[in-house]
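Heads up, the thing below is written out as structure tokens.
We count ligands from 1, going down the list as the structure has it; atoms in each ligand are counted the same way.
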Amino acid sequence: MRVAGGARTFTAPMSQPKEIPLMEKIVSMCKRRGFIFQSSDIYGGINGFWDYGPLGAELKRNLRDTWWRAMMREREDVVGLDASIIMHPAVWKASGHVDTFSDMMRECTVTNKRIRADHVEPQSGKVFLFEGAACPGKWVGDFAVVLLQKNGEHTDSVRKRAKDFYIQRVNAMCGAEKASLTDEVQLNERTETVANSVDFHPESGGLLTIAKPFNLMLKTFLGATATEADTAYLRPETAQAIFAQFKNVVDSSRVKVPFGIGQIGKAFRNEVTPRNFTFRSREFEQMELEFFIPPDEAVRLIHGHVAEWSEDADLSTPQPDWGWDLWHRYWVAQRTAYYAGIGLGAEVLAYHWQKPEELAHYARACVDILYKFPFGTEELEGIAARGDFDLTQHQKHSGKPLEVFDEELRAAVAKLTDEQKRDFNAEVQEQWNDRNKSREEAAVFCERLLKGFYVPHVIEPSAGLDRLALAVIANAFTEVEKTDAKGNKEVLTVMRFHPRIAPVKVGVFPLLKNKPELVAKARAVFETLRRQLACFYDEGGSIGKRYARQDEAGTPFCVTIDFDTIGENGPELLDTVTLRHRDDGRQERVKIGDLPGLLLPQVQ
Ligand code: ATP
């Protein structure tokens, strides 16, 4: 869900001739330090695809691990899945992706560039319509070029642009032998004024076509014949595999509703306009949880009521009488706490609660958690209450029952009189009717429910790993001004990653590389620490330079082995090192043996 936001630029503490936009600095730092490279860089790159270099790969792995730990390991009610990227095409038919996973696109009639219909901002100004172009003795055009004059653009420039487009287009249409339209072309010109129009391309000003759907799934063909019948899709989301494997997971694990299935993996979307570095890519990774809960009707039968949300509701511990609303809010709170735990606090996040008209037809609610990126406040994660839509669709399309049996529900129903059951039935039909669901559907649902069966509903927190990596990189990026020994000022980059996600946790340095005792001791410290933490050994250059290199990599701690460590200045300092903290430059003397105990709690 896109929400407009202002561009954030870095204001350097010293005067700069020209301010470089923050995003440009981040992209260039990512390449320089090996966080992110353009895919196939030596061939000029490929739009919408990115590779993670040595530091980026570690960062991404750490993010993946924090998600897996928070969502799975630290909970008893979520299990994991690792499904294939290509699935039976029927999965995508059932999920609705084949028919409806598309963006409404409009095409510029002048440049043929496509743009998402919802990305066209309203524009006002003078529109020039050029038609009936004639090129004396050669050609008379039968199409029009419609251009919106750009802000501050001279009329002659609009005419020139129109002429150039016309010539280009005609030459392309006529083929090589007639490709001879030149500047002699004459255009008939009309003008009119438009206000707040969304019919013109934001870059060229060219008139846009009407919006048409463009399916975002990437196709491939299985087998040697490669006909349309062999079409398969690279998954556009990881979630569907969870629904398709729901029954297998239930049958093979000791899970019981409410419970979740989580998965991290690649997803592919043929985005029409990949943009903002890795933010909108064509290949990306998702971290998705499907958390299955009983329908509210089951909760009501078991507990006699469904707990209602209020401002002071305690969302920290799930309660048996929660319905979808509280579960949904619980997951928003959980995910917010997760982000705070890796350094993305409330000050850099925003929330967009989708309005009823923005929701998918089956969804009860959806909240987008947004991050304040340098290019605007944009979606990091969507948390949707999707009802029983997904499992019901797969049940219908596969013909396999995806209901669960709930003992507690069965026991609660056993206590009801026939009259109470009839009242319940009537009440549900009434409520469903208000939600545009048929009485027949409600009756079938009640019949199964009163036997203890239901299709679970689902809350889906769905996050993008690459967007998260970009958010933590943007969040960590800081520049500090330093004055060197000769009085020269320079601006250094410090990546203030939360220690939990920093690619390297500790840099280990001998003070001097030409002192074998220091090097041997430093290597020994490095060998011990690297078994428990991601470490980097560096003996090149001055200590200041080595600190600066680690600051740029985002390493939170550096350990220096000096003459005190090897006991040259007395036995009391033997086997102690300097521990330097990245964010405040603080240095302290600590025993080598204390390092793991000091560092591990901060990085885990
Ligand atoms: P958007 O509105 O930005 O296109 P979406 O609402 O289509 O995103 P979902 O289908 O809900 O996104 O996917 C869940 C998450 O996957 C998103 O919140 C985002 O973090 C990530 N994601 C989706 N599309 C892309 C993409 N093209 N590149 C990188 N990450 C993506």
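- For ligand 1, the atoms closer than 4.0 angstrom to any heavy atom of Ser281 are 26 (C), 27 (N), 28 (N), 29 (C).
- Between Phe279 and Phe277, a ring centre-to-centre spacing not shorter than 6.0 Å is recorded.
- Gln393 and Tyr362 share no side-chain donor-acceptor pair at under 3.5 Å.
- Between Phe101 and Trp92, the distance separating the two ring centers is not shorter than 6.0 angstrom.
- In this model, a donor atom of one side chain and an acceptor atom of the other lie less than 3.5 Å apart for Glu288 and Thr238.
- Taking any N or O of Ala463, backbone or side chain, none lies under 3.5 Å from an N or O belonging to ligand 1.
- Residue-level proximity to ligand 1 for Glu381 is carried by the backbone, the only part with a heavy atom below 4.0 angstrom.
- Considering backbone and side-chain atoms alike, Thr278 places every N or O at 3.5 Å or more from each N or O of ligand 1.
- Taking any N or O of Phe284, backbone or side chain, none lies under 3.5 Å from an N or O belonging to ligand 1.
- Using a 4.0 Å heavy-atom cutoff, Asp466 is absent from the residues neighbouring ligand 1.
- Proximity annotation for atom 4 (O) of ligand 1: of Arg280, Glu379, Met287, Glu271, Arg280 comes nearest, heavy atoms only.
- Ion pairing between Asp199 and Arg106 holds under the 4.0 Å rule for side-chain N and carboxylate O.
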Hey, mind stepping through Tyr454 and Asp388 against side chain to side chain donor-acceptor pair (under 3.5 Å) and telling me if it holds?
CA-CA 9 Å; Tyr454 55 75; Asp388 62 358; over 6 Å; no
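- Distances shorter than 4.0 angstrom do not occur between any heavy atom of Glu237 and any atom of ligand 1.
- A donor-acceptor pair shorter than 3.5 Å can be found between the side chains of His394 and Gln240.
- Contact annotation for Leu380 and ligand 1: only backbone heavy atoms (N, CA, C, O) come within less than 4.0 Å of the ligand.
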